[in-house]
Chemist: 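Can you keep this structure in mind? I'll have questions shortly.
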Protein chains: 2
Amino acid sequence: MNMREIAKRAGVSTATVSRVLNGNPKVNPELRDIVNKVIQEVNYVPNAIARSMNHGTTSILGLILPDITNPFFPGIARGVEDAAISKGYKVILCNTDNHADTEKTYLRMLREQRVDGLILVSASNMSEETMRQMIEDIPVVLCDRIPESKHFSSVVTDHRKGIKMAVDHLVGLGHREIAMISGPKTLISGIERANYFRDIMAEAGLPCPEQRVVPCDYRYESGFIAANQLLKDKAITAILCANDMMALGAMDAVFESGLQVPDDISVVGYDNIPFSNWSRPRLTTVSQPTYLLGVNALEILADALASSETDKQQVQRMLNPTLIVRKSSAMVKR
Amino acid sequence: MNMREIAKRAGVSTATVSRVLNGNPKVNPELRDIVNKVIQEVNYVPNAIARSMNHGTTSILGLILPDITNPFFPGIARGVEDAAISKGYKVILCNTDNHADTEKTYLRMLREQRVDGLILVSASNMSEETMRQMIEDIPVVLCDRIPESKHFSSVVTDHRKGIKMAVDHLVGLGHREIAMISGPKTLISGIERANYFRDIMAEAGLPCPEQRVVPCDYRYESGFIAANQLLKDKAITAILCANDMMALGAMDAVFESGLQVPDDISVVGYDNIPFSNWSRPRLTTVSQPTYLLGVNALEILADALASSETDKQQVQRMLNPTLIVRKSSAMVKR
DNA sequence: TTGAAAGCGCTAACAC
DNA sequence: GTGTTAGCGCTTTCAA
């Protein structure tokens, strides 16, 4: 069923049907009613594909992230989704597992699809140079990833602030011997938080030997292993983790070594994934506003799409983390 | 950059470019090379929209689910995604919160978009009648939801088996006074599991008074409240929950009432969401193969799309749950 | 093997 | 206020 058919049945031209469909006021109310009646009768829905052909615009956006199965990402995805729909966009979801190849495949597919824009949460090692090439001139906003060059817009959480909050919290509790289980050295996010940690410890005049910052892969298991390693250092009274899943692993390692959280060792997470509120003890953690990260990313993108092509001003937005104090951190006993 | 431009630069017709792009063998190798060279040079990517206009097919699928933020759904979404990509489809993600209105809005949008097919994980109270009307003749497969009529294909977990496994496990541990925290009475999934529970308890010759099956809303908090309620009945030694989040809430309620899991009360969950393996104690639960649910849904859909329009055979697939015995269930003491 | 041309369903400029 | 028509970028006959 297409417009021509509707036009025929209503005894008008396709142009008139088009006008009715688009709410063009310059159409005789009687004709409008007839057309609408026919549309109702045959349950007609206009073809967005055909419309796209004219406009050169699809109202489709691509959302590229590592893995929707990782509890950190659904919040972002939902934020993007909700904001997108409210502005008339649909979004195609792509899971890359941070593989550059998968990312390239998706980028190619999304270009074929002529998406209007892209939100990139992925953190593969693809260079921004290569990326620019892959996406040509499709508007992009990076989410949870600071662009090296200033050729991309971005939204991120202020991780320096986040790490500082966590350290300050621990220091306020009397901790001085603090270790960190950080992210992978291969991911910017991993290196970044570790560096902030070192800086802030130094600023606070606290010790921070290299072996107390152990790079891991963000998974529960690696947190468990790293904590076991760290616990050999009997001076340590607190462990700060670069994400909540590793913090969960770390807590379990503490328990299995016969110690208690938070009595013997305080553990602080990062992200505030839903589960962190249900662990035992409930996890003290730095909350990232994932939903807002998504919403903001979409807003920036939508703004870029709405504005004229010419003013390609890049915008960098930084959102504030918040410290959620729960039960996995306590006054130092020693 | 479009095909005409490529054709011009390569000194051929658009037809030839099209043939090269589609791997048509009947094209002079020399011309092919020239065309490919030009394509490389200008970094041209064919326009899927235009292609769709001819084919009448978009290779886009819609995935409608309640809330990607709920840990039960990402597994399904990832399964659908992965299987879709491997078959050349892209998927548009839609969160409905189980609101019939939102669902309708999305259905409309997806129809406009001329998606080739639909996977519906949502469980709003929209009647299948209405649904059929909304989606016209777009192929659909229901996921995690058994169709009332046989007009839809579907993939579901065998919940009867799942509930039976859980009850058998508990009975094997000597429990006889078993309560259930079930899903909402407004959702089929809620009613279904509660009914299976009653049946199976009856078959086993065990008591199952009405007040021991309390309908909740699948959230942590409601599990907590319901468990508090149930704990007043001192005879109860085990609580079976219709999902893991409520089981987590139930465990916390047990602890806060001064009792122990599993020593005093055994708690069994349902779903096996990732966190169920990290709770303390680790949760004994019935695992739903969410990823496979998604993969299967997509396979059924892809098969339907590949087969001729005429043979509209509906297929119903039932996947087996598995019991994951962890630490929240133990031998009765009383 | 290659090209010309019609057409997919719609929009928008133009003429009436 | 309404209809005619020329595209949007591609695929696909049909001739050559």
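Computed over heavy atoms, backbone and side chain alike; hydrogens, waters and symmetry mates excluded. In the text below, chain A, chain B and the rest are named by the order of the sequence lines, each starting its count at 1.
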Chemist: Which nucleotide, dT12(D), dC10(C), dG3(D), lies nearest any side-chain atom of Met3(A)?
Modeler: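 Taking heavy atoms from C-beta onward, the closest nucleotide is dC10(C).
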Chemist: Which nucleotide wins on minimum distance to the side chain of His55(A), given the candidates dA4(C), dT11(C), dG9(C)?
Modeler: dT11(C)
Chemist: I need the CZ-P distance between Arg4(B) and dA5(C), as an integer number of Å.
Modeler: 14 Å
Chemist: With a non-hydrogen cut-off below 4.0 angstrom, is Ser18(B) in contact with a base, only sugar-phosphate, or nothing?
Modeler: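 Touches a base.
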Chemist: Considering only heavy atoms and no angle criterion, is a donor-acceptor pair shorter than 3.5 Å present between the side chain of Arg114(B) and the base of dG9(C)?
Modeler: no
Chemist: Give a yes/no on whether any side-chain N or O of Asn47(A) is located under 4.0 angstrom from OP1 or OP2 of dG9(C).
Modeler: no
Chemist: Should Asn28(B) be listed as having a side-chain N or O under 4.0 Å from OP1 or OP2 of dT2(C)?
Modeler: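 Affirmative; the distance criterion is met.
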Chemist: For a quick check of understanding: with a heavy-atom distance under 4.0 Å over all strands, which category does Val12(A) fall into, base, sugar-phosphate or nothing?
Modeler: sugar-phosphate
Chemist: Looking only at heavy atoms, which two atoms of Leu301(A) and Leu118(A) are closest? And how far apart?
Modeler: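 What the structure gives for the nearest pair is CD2-N, 3.6 Å.
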Chemist: How do Thr14(B) and Thr14(A) order along DNA chain C: which one's closest nucleotide is nearer the 5' end?
Modeler: Thr14(B)
Chemist: Check every atom of dT11(D), dG3(C), dT1(C) against the side chain of Lys26(B) and return the nucleotide holding the closest atom.
Modeler: dT1(C)
Chemist: Where the side chain of Thr16(B) is defined as all heavy atoms beyond and including C-beta, which of dG3(C), dC10(D), dC10(C) is the nearest nucleotide?
Modeler: dG3(C)
Chemist: Would you classify Leu31(A) as touching base, sugar-phosphate or nothing, given that sugar-phosphate means primed atoms plus P, OP1 and OP2, and contacts are heavy atoms under 4.0 Å?
Modeler: sugar-phosphate
Chemist: Counting only side-chain heavy atoms from C-beta out, which of dG3(C), dG9(C), dC10(D) sits nearest to Met53(B)?
Modeler: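 Looking only at heavy atoms from C-beta outward on Met53(B), the closest nucleotide is dG9(C).
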Chemist: Reckon Arg19(B) touches a base, only the sugar-phosphate, or nothing at all at heavy-atom distances under 4.0 Å?
Modeler: base
Chemist: Leu21(A) near the nucleic acid: base, sugar-phosphate alone, or nothing, with a heavy-atom cut-off under 4.0 Å?
Modeler: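 If one applies the 4.0 Å heavy-atom cut-off, Leu21(A) turns out to touch nothing in the nucleic acid.
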